[in-house]
There are 2 protein chains.
Amino acid sequence: MRDSADLKKAGLKATLPRLKILTILEGAKERHMSAEDVYKALLDSGEEVGLATVYRVLTQFETAGLVIRHNFEGGRAVFELNQGHHHDHMVCVECGKVFEFYDPAIEARQRKVAETNGFVMEEHSLYIYGTCDGLKKSGVCSKKTRSSTLV
Amino acid sequence: MRDSADLKKAGLKATLPRLKILTILEGAKERHMSAEDVYKALLDSGEEVGLATVYRVLTQFETAGLVIRHNFEGGRAVFELNQGHHHDHMVCVECGKVFEFYDPAIEARQRKVAETNGFVMEEHSLYIYGTCDGLKKSGVCSKKTRSSTLV
DNA sequence: TCCAAAATGAGAATAGTTATCGTTGGCTTG
DNA sequence: CAAGCCAACGATAACTATTCTCATTTTGGA
Ligand SMILES: [Mn+2]
Ligand SMILES: [Mn+2]
Ligand SMILES: [Zn+2]
Ligand SMILES: [Zn+2]
């Protein structure tokens, strides 16, 4: 549970909008949310926060290491709370659900490839696009929200 | 060398703009070009092609499998001719140079991860961000254009 | 050569995001 | 706890990348 102490620690004033956005990110059913998603969730919960503030704060949170930004194909960024452990993503192009995974072998090979080429890796993004098991089983992806599965 | 025959094969009329864009992509020093890059290259070589046409044609080429589109971080798409063999990318965040690599072990593990989760993979994107050896050696990335190195 | 259909190019429109700037409010000081 | 400074906010303008619209031009085939 994040609170104003986490914001202070990150060098950010504990303002109402920031706390509200943090609360949304923590309580969301979908872990990976666009700025628009966060904004709508705020509206739905009766909070008054400007869209510009949502964008501004999400970027500040990213800089502070509180959230991670992803650029899945489609041209809109999504954000998720930094859970402290890196993971990669599979995105269903049919229903949009996002699955998480971590593969030590892939991580190791990436470091190897970078090293071999004299490249100093800072970060990486690995996105697998395809269709989830809901599609395979029943012909349509289930709407049931199983947004995150860390294997 | 691509020509009108390749366009016909792809179900596209061999129009002048399409041929010119193909020529630019083939002759470019940088293999990975944004739509704007292609547009400017056309202007530089004295060709009159509208920016809208560049975007339209690049998308058509992508659909036809003639080019591959990448979404590196930064919010602008880049394109490269489809060379027939898949590869992934390392992008230097300092000088912007793009390096290519292919790692069978990573490819295999990706398929494994997808399969294990009942996910039918259609495509994937793996981008490694960091600084290239030019920076490490001399303090600055060399401007020498070594845009592609398939390891 | 002639024509219908497809493609082009100029510019308007759109989506996502960032910048501007006057107002508000968190937080330290006295 | 009042005062005041400065960071943060919110409305909206601006921006960037990309797509759409539509009148005009080309292409490829008859
Ligand atoms: Mn995630
Ligand atoms: Mn490439
Ligand atoms: Zn699905
Ligand atoms: Zn570099």
Side-chain angles (χ1 to χ4, degrees), chain A residues 2-24 32-43 45-64 66-79 96, chain B residues 3-24 32-43 45-64 66-80 96:
Chain A
R2 276 84 171 178
D3 60 1
S4 50
D6 295 277
L7 293 179
K8 297 268 178 56
K9 205 179 310 171
L12 298 168
K13 275 190 189 174
T15 65
L16 247 33
R18 284 175 183 155
L19 289 169
K20 288 173 185 170
I21 291 171
L22 219 38
T23 301
I24 291 295
H32 307 85
M33 306 178 78
S34 68
E36 191 77 30
D37 290 338
V38 173
Y39 178 64
K40 288 200 182 118
L42 285 165
L43 292 186
S45 61
E47 304 291 355
E48 299 279 329
V49 177
L51 180 56
T53 298
V54 173
Y55 274 105
R56 207 187 303 123
V57 169
L58 285 174
T59 299
Q60 291 163 343
F61 282 4
E62 183 193 17
T63 302
L66 290 175
V67 310
I68 309 280
R69 179 196 304 254
H70 300 293
N71 295 290
F72 298 152
E73 66 184 12
R76 66 173 9 172
V78 296
F79 302 81
Chain B
D3 60 0
S4 51
D6 294 277
L7 294 178
K8 297 267 178 58
K9 205 180 308 171
L12 298 168
K13 276 189 187 176
T15 66
L16 246 33
R18 284 175 183 154
L19 290 168
K20 288 174 186 168
I21 291 171
L22 219 38
T23 301
I24 291 293
H32 308 85
M33 305 177 80
S34 68
E36 191 78 29
D37 290 338
V38 172
Y39 178 64
K40 288 201 182 115
L42 285 164
L43 292 186
S45 62
E47 303 292 355
E48 298 281 327
V49 177
L51 180 56
T53 299
V54 173
Y55 274 105
R56 207 186 302 123
V57 168
L58 285 173
T59 298
Q60 291 163 342
F61 282 3
E62 182 193 17
T63 302
L66 290 175
V67 310
I68 309 281
R69 178 196 304 255
H70 300 291
N71 294 291
F72 297 151
E73 65 184 11
R76 65 173 11 174
V78 297
F79 302 81
E80 69 176 315

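Chain letters run A, B, ... following the sequence lines, proteins first and then strands; every chain starts at 1.
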Considering non-hydrogen atoms only, spot the tightest contact between [X] and [Y] and give its length.
X      : Y      : result
V54(B) : I21(B) : CA-CD1, 3.9 Å
L51(A) : A35(A) : CD1-O, 4.4 Å
A10(A) : L66(A) : CB-CD1, 4.3 Å

Taking C-beta and beyond as the side chain, do [X] and [Y] meet within less than 4.5 Å on heavy atoms?
X      : Y      : answer
L7(B)  : F61(B) : yes
V38(A) : I24(A) : yes
T23(B) : E47(B) : no
T59(A) : R69(A) : yes
I68(A) : H70(A) : yes

Look at all strands and tell whether E48(B) reaches a base, only sugar-phosphate, or nothing, counting heavy atoms closer than 4.0 Å. sugar-phosphate

How many Å lie between [atom1] on [X] and [atom2] on [N], as a whole number?
X      : N       : atom1 : atom2 : value
M33(B) : dA17(D) : CE    : P     : 15 Å
L7(A)  : dA7(D)  : CG    : P     : 17 Å
Y39(B) : dA17(D) : OH    : P     : 14 Å
R69(A) : dT17(C) : CZ    : C1'   : 9 Å
I21(A) : dC9(D)  : CD1   : C1'   : 11 Å
R18(A) : dG10(D) : CZ    : P     : 11 Å
K20(A) : dG25(C) : NZ    : C1'   : 12 Å
E73(B) : dT17(C) : CD    : P     : 14 Å

Donor-acceptor pair between S4(B) and R18(B) side chains, under 3.5 angstrom: no

Taking protein heavy atoms under 4.0 Å as touching, what does nucleotides 25-30 of chain D look like 5' to 3' if B marks base contact, S marks sugar-phosphate-only contact and - marks none? --BS--

May I ask you to list the residues of residues 50-58 of chain A, by number, that have any heavy atom positioned under 4.0 Å from an atom of DNA chain C? A52(A), Y55(A)

